[in-house]
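Since the structure comes first, as structure tokens, the remarks are kept for the end.
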Amino acid sequence: MSSNQDVAAALEEMARLMELLGEDSFRSGAHSRAARAVEGLSDDITALARDKSKLTAIEGIGPKLADKIMELCSTGAIKDLIDLRTKVPAGLLEIMQVPGLGSKTVRLMWQAGITDIPGLKKAIDDGSLLNLPRMGAKAVAKIKESLAFAAQAGQRTWLGKAAPIADIFAAHLRQLPGVERVEPAGSLRRGRDTIGDIDILVALKDQDTATMAAHAAAVAKAFCTVPGIVQVIAQGEGKCSVRYSLAAGFGRWKPAPDPEVAASTAVIESSGSGSGGASGGSGASGGSGGPSIQVDLRILPNASFGSALMYFTGSKEHNVHLRERALAMNYTLSEWGLFPLNKKIDIPPQQRGVKPIASATEEQVFAALGFPWIPPEAREDRGELDESAPWNLIEVADIKSELHAHTTASDGNLTILELAEEAKKRGFHTIAVTDHSQSSSIANGLKPDRLRRHIDAIRAANDQIKGITILAGSEVDILADGSLDYKDELLALLDIVVASPHAALSQDPATATKRLLKAITHPLVHILGHPTGRLILRRPGTSPDMAELFAAANEHNTALEINAHWMRLDLRDIHVRAAVQAGCTIAINCDDHERSDFDNLRYGVMTARRGWLRAEQCVNTWAVKELHAWLKAKR
DNA sequence: GCCGTTTTCGGCCCGACTGTTTTCAGTCG
């Protein structure tokens, strides 16, 4: 059995190997595109692979690639991939991970006898690398510097950790003269659960050319000297790239109170700051190899802001399709704007002073191409260009309740009233107190008698406070066999039950499906909390049959949670999309343990928007009456 | 290797930066 990730990895490896062998770039590109298509599927590829026509129905997968996917799913291997591996030394793929080295250069190295990273280092040291074509002292120095980052190139970090770093850069640039707008773009703006690099777009006030050039230079300089930068990769007039120390960005970031999270993240923190003292003015010493993230800057005139923001937001595949659509309409689209196509002239239109058809706002550019404005979170080339109706996706402002929160009774650090006051401050009409159940002993889970007293305390607090309803609830453990951690008589006393898996997260898919189905179909359960139990970049969680879960959730009127903590975001985007299509009800909860956890809501909402969720399908947007009626229906 | 509101064959997005070059190839997003 192969997961979607396995299939995508195999296809991507084939693409890389073909590049190294110098094969047709469109052919390797097709493999690469297919890999991303598989990665973005919410359906299990193994199931689809039983029927070839279902595979070829996926855009980017034709008959040949369908055969290879079916071969991998049924035999566990692809013969063509094995053949490719025998032709290319394995170390070359590692060399290609070095930032700035692509297939053409690595191929030249291979021809010169360099086949792995140690060989490359040796060729740098003995000077033989200089003998390669187009390889001078500067290029070698750059490779030497980049080698330190080879291991972490391609590594990603959490959305909730990248966003504060983007804020640091944006705040730094926003105050500069001549700057009209600063906008983080890229995967951050699309709300992906992990971020590869941070993209910042700066729009300059439209003035005379000389003034704008001076302002651009000042912005570029300011960008490349932000404290915490460990390497300047490129610095031009309109475009810069740097690597920023992740350790230096830890200032605002605290380990999550969730003990399992705290334990795992503590490791990262200590390894991050271990080399050269704590954060602060580390400067551009470079090359220490500590955790770092690439930050890219693009500077453009404000008149191009819309098209530039579209270009810089991506995704790459979305952009490619959009540009193809432009060509079909006899236009050409770039970050400079949408222009009439003129194939006879080689010079780009913006350099000839051609007036764009649209460029100032995203709405204008989309409209000129015949689309409604597409939310950034939906720009993943997952069918968004086939939609013609306005989007109207859920927004943070739509959220009116929080239905999963902890207090000092278990592992939170707020009292019932403090929690309720904070929720009220955020404009919510309802907050549910859902402390851990007895089996979560590490989180100080409540034994039945403590829960009974806790319910009384919650009722008392609810009588005391005005302007918000406090619900008595529990985040009850779903035990390994699917049974719940309290007896039904006790659960029936609660206003709301969130059932979540916390242990036995390595179960096989069939067992996990059975376990979660039991919780979903339990008559007293309202919400299935963080369904797979994954921790992003830490552990995969279980892989239940989602289609089965969604069908059962629909039938039993059980909501499925998007846990908004940036370490979880579970359900994940593609699951949300499938759940929305299946008609499921979704909950978006912050799983609050402290005040600042309420701020994670934006990540949960972004994940919801990536699944094309509209407000009405989310319980947290419902008015008091509607929400409470839904809760009571299970009592 | 995929795909089709001009095509079932002949295309396949667009521009910036770098380092090496006497005009451009490679890489990246």
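Every chain is numbered from 1 and lettered A, B, ... according to where its sequence line falls, protein lines coming before strand lines. As the structure is a prediction and not an experimental result, all values here were calculated from the model. When reading the values below, keep in mind they use all heavy atoms of this one structure, side chains included, and skip hydrogens, waters and symmetry mates.
- Counting to the nearest Å, the C1' atom of dG1(B) and the CG atom of Leu21(A) are 16 Å from each other.
- Note on Ser103(A): only backbone sugar-phosphate atoms sit closer than 4.0 angstrom, heavy atoms only; bases stay farther off.
- When the P atom is used for both dA25(B) and dG10(B), the distance is 26 Å, rounded to whole Å.
- Here the C1' atom of nucleotide dG15(B) and the CZ atom of Arg352(A) are 14 Å apart, to the nearest Å.
- The stretch residues 362-386 of chain A does not touch DNA chain B, since none of its heavy atoms comes less than 4.0 Å from the strand.
- The pair Arg36(A)-Glu39(A) does not count as a salt bridge, with every side-chain nitrogen at least 4.0 angstrom from each carboxylate oxygen.
- Annotation: side-chain contact (heavy atoms from CB on, under 4.5 Å) contacts of Arg134(A) (sequence neighbours excluded): none.
- Distance Lys104(A) NZ to dC24(B) C1': 12 Å, rounded to the nearest Å.
- Comparing dT21(B) with dC14(B), their C1' atoms are spaced 23 Å from each other, to the whole Å.
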Next on the checklist: side-chain hydrogen bond (donor to acceptor under 3.5 Å, both in side chains), that's the test. Do Asp296(A) and Ser241(A) meet it? Break it down for me.
Outcome noted: CA-CA 4 Å; Asp296(A) 296 327; Ser241(A) 290; 2.7 Å; yes
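- Glu23(A) comes within contact range of no nucleotide atom at all, as no heavy-atom separation falls under 4.0 Å.
- Residues passing the side-chain contact (heavy atoms from CB on, under 4.5 Å) test with Gln175(A): none are found, sequence neighbours excluded.
- Here the separation of dT5(B) from dG19(B), taken at their P atoms, is 44 Å to the nearest Å.
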Quick one: which protein N/O atoms are closer than 3.5 Å to N/O atoms of nucleotides 9-13 of chain B? Pair and distance per line, please.
{"unit_1": "dC13(B)", "atom_1": "OP2", "unit_2": "Glu324(A)", "atom_2": "OE2", "d": "3.4"}
{"unit_1": "dC13(B)", "atom_1": "O2", "unit_2": "Arg323(A)", "atom_2": "NH1", "d": "2.4"}

Next on the checklist: If you apply the rule side-chain hydrogen bond (donor to acceptor under 3.5 Å, both in side chains), what do you find for Ser3(A) with Asp6(A), and how did you get there?
Outcome noted: CA-CA 5 Å; Ser3(A) 73; Asp6(A) 296 334; 3.2 Å; yes
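- Atom CZ in Arg325(A) sits roughly 12 Å away from atom P in dT6(B) (whole-Å rounding).
- Using a 4.0 Å cut-off, no side-chain N or O of Ser241(A) falls inside it from OP1 or OP2 of dC28(B).
- The separation of dG26(B) from dT20(B), taken at their C1' atoms, amounts to 11 Å, rounded to a whole angstrom.
- Nearest-nucleotide positions on DNA chain B for Val140(A) and Met96(A) put Val140(A) closer to the 5' end.
- Pairs engaging residues 24-33 of chain A under the salt bridge (Lys or Arg N to Asp or Glu O under 4.0 Å) rule: Glu23(A)-Arg27(A) [sequence neighbours left out].
- Taking the C1' atoms as reference points, dT22(B) lies 45 Å from dT8(B), given to the whole Å.
- The separation of dT23(B) from dT18(B), taken at their C1' atoms, amounts to 15 Å, rounded to a whole angstrom.
- When heavy atoms are screened at a 4.0 angstrom cut-off, His321(A) is found touching no nucleic acid atom at all.
- One can place CG of Asp296(A) at 8 Å from C1' of dC28(B), the figure rounded to the nearest angstrom.
- With P as the reference atom, dC12(B) and dT6(B) are 15 Å apart, rounded to whole Å.
- Comparing Leu341(A) and Gln294(A) by the nucleotide of DNA chain B whose heavy atom lies nearest to each, the residue mapping closer to the 5' end is Leu341(A).
- Residues Asp573(A) and Arg577(A) are not paired through a salt bridge, judged by the lack of any N-O separation under 4.0 Å between the basic side chain and the carboxylate.
- For Pro89(A), the side-chain contact (heavy atoms from CB on, under 4.5 Å) criterion is met by Leu92(A), Trp110(A), Thr115(A), not counting sequence neighbours.
- Under the rule for a side-chain contact (heavy atoms from CB on, under 4.5 Å), the partners of Ala170(A) that lie at least two apart in sequence or sit in another chain are Arg174(A), Val182(A).
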Between the protein and nucleotides 16-19 of chain B, are there any N/O to N/O pairs under 3.5 Å, and if so, what are the atom names and distances?
{"unit_1": "dA16(B)", "atom_1": "OP1", "unit_2": "Trp336(A)", "atom_2": "NE1", "d": "3.2"}
{"unit_1": "dC17(B)", "atom_1": "OP1", "unit_2": "Glu237(A)", "atom_2": "N", "d": "3.3"}
{"unit_1": "dC17(B)", "atom_1": "OP1", "unit_2": "Gly238(A)", "atom_2": "N", "d": "2.7"}
{"unit_1": "dC17(B)", "atom_1": "OP1", "unit_2": "Lys239(A)", "atom_2": "N", "d": "3.3"}
{"unit_1": "dT18(B)", "atom_1": "OP1", "unit_2": "Gln235(A)", "atom_2": "N", "d": "2.8"}
{"unit_1": "dT18(B)", "atom_1": "OP1", "unit_2": "Gln235(A)", "atom_2": "O", "d": "3.1"}
{"unit_1": "dG19(B)", "atom_1": "N2", "unit_2": "Arg134(A)", "atom_2": "NH2", "d": "2.2"}

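- The pair Glu13(A)-Arg85(A) counts as a salt bridge, with a side-chain nitrogen and a carboxylate oxygen less than 4.0 angstrom apart.
- Across the strands present, dG10(B) finds its partner in dC3(B); the criterion is a Watson-Crick or G-U wobble pair with both atom distances under 3.5 angstrom.
- Here the side chains of Val106(A) and Leu20(A) are in contact, with some heavy-atom distance below 4.5 Å.
- Under the 4.0 Å criterion applied to side-chain N and carboxylate O atoms, Glu380(A) and Arg610(A) are assigned as salt-bridge partners.
- The CG atom of Leu338(A) sits 16 Å away from the C1' atom of dG15(B) (whole-angstrom rounding).
- Between Arg16(A) atom CZ and dT27(B) atom P the separation is 11 Å, expressed in whole Å.
- Taking atom CD1 of residue Ile200(A) and atom P of nucleotide dG29(B), one finds them 15 Å apart after rounding to whole Å.
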N/O donor to acceptor pairs below 3.5 angstrom from side-chain atoms of residues 56-65 of chain A, sequence neighbours left out:
{"unit_1": "Thr56(A)", "atom_1": "OG1", "unit_2": "Lys52(A)", "atom_2": "O", "d": "3.3"}
{"unit_1": "Thr56(A)", "atom_1": "OG1", "unit_2": "Ser53(A)", "atom_2": "O", "d": "3.2"}
{"unit_1": "Glu59(A)", "atom_1": "OE2", "unit_2": "His321(A)", "atom_2": "NE2", "d": "3.0"}

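- When the P atom is compared between dC9(B) and dA16(B), the two are found 38 Å apart, to the nearest whole Å.
- The side chain to side chain donor-acceptor pair (under 3.5 Å) analysis of residues 208-218 of chain A, with sequence neighbours excluded, yields the pairs Asp208(A)-Thr211(A).
- A 4.5 Å side-chain heavy-atom check between Leu11(A) and Ile69(A) finds at least one atom pair inside the cut-off.
- Within the structure, every pair that satisfies the side chain to side chain donor-acceptor pair (under 3.5 Å) test and touches residues 358-368 of chain A, not counting sequence neighbours, is listed here: Arg189(A)-Glu362(A), Glu362(A)-Trp373(A), Glu362(A)-Arg379(A).
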Between the protein and nucleotides 3-5 of chain B, are there any N/O to N/O pairs under 3.5 Å, and if so, what are the atom names and distances?
{"unit_1": "dC3(B)", "atom_1": "OP1", "unit_2": "Gly60(A)", "atom_2": "N", "d": "2.7"}

